[in-house]
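Numbers here simply count residues along the sequence, with the first being 1. Model, not experiment: these values are computed from the prediction.
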Amino acid sequence: ELKIYGDAPGSSFFLIREVQRKMRDKDFAGALHSANRAINRTPSLPAAHFIRAEVNLSLGDLTGAEEDIAHINNLLND
């Protein structure tokens, strides 16, 4: 069960924890959906892109994972 600490369902931090739970449950499609929601909500949050890269790796989407890592590098270098 997810606990809310200073954020609400739908916030990026909550969604990231939701991705982690779905990954543990091997719900990779659900994890990707939640990761995309987190990124759409807060595109400049590197953690959201990092977790989506992890999901993409689990799905065998190396290109998607590489794109997320490149986006993180751009965020950190701007």
Of the non-hydrogen atoms in [X] and [Y], which two are nearest, and what is the gap between them?
X	Y	answer
P46	L76	CG-CD2, 4.3 Å
V19	A31	CG2-O, 3.5 Å
I69	A53	CD1-CB, 4.0 Å
P43	H49	O-NE2, 2.8 Å
A48	I16	N-CD1, 3.8 Å

Item checked: Within residues 54-65 or reaching into it, pairs that qualify as salt bridge (charged side-chain N to carboxylate O under 4.0 Å, His left out) - sequence neighbours excluded -> none

Notebook entry, point to check: Under 6.0 Å from the CZ atom of F28, do we count more than 12 heavy atoms belonging to anything else shown?
Noted result: yes

Next item on the list: Report yes if some heavy atom in the side chain of L45 is under 4.5 Å from a heavy atom in the side chain of F13; otherwise report no.
Entry: yes

Item checked: Residues clustered with I39, ILVMFWY side-chain links under 4.5 angstrom -> none

Next item on the list: Kindly give the cluster partners of L75, where membership spreads through any ILVMFWY side chain lying under 4.5 Å from a current member.
Entry: none

Notebook entry, point to check: Out of curiosity, K22 NZ to R17 CZ, how far, rounded to the nearest 0.5 Å?
Noted result: 13.5 Å

Item checked: From CG (L32) to CZ (R37), nearest 0.5 Å -> 12.5 Å

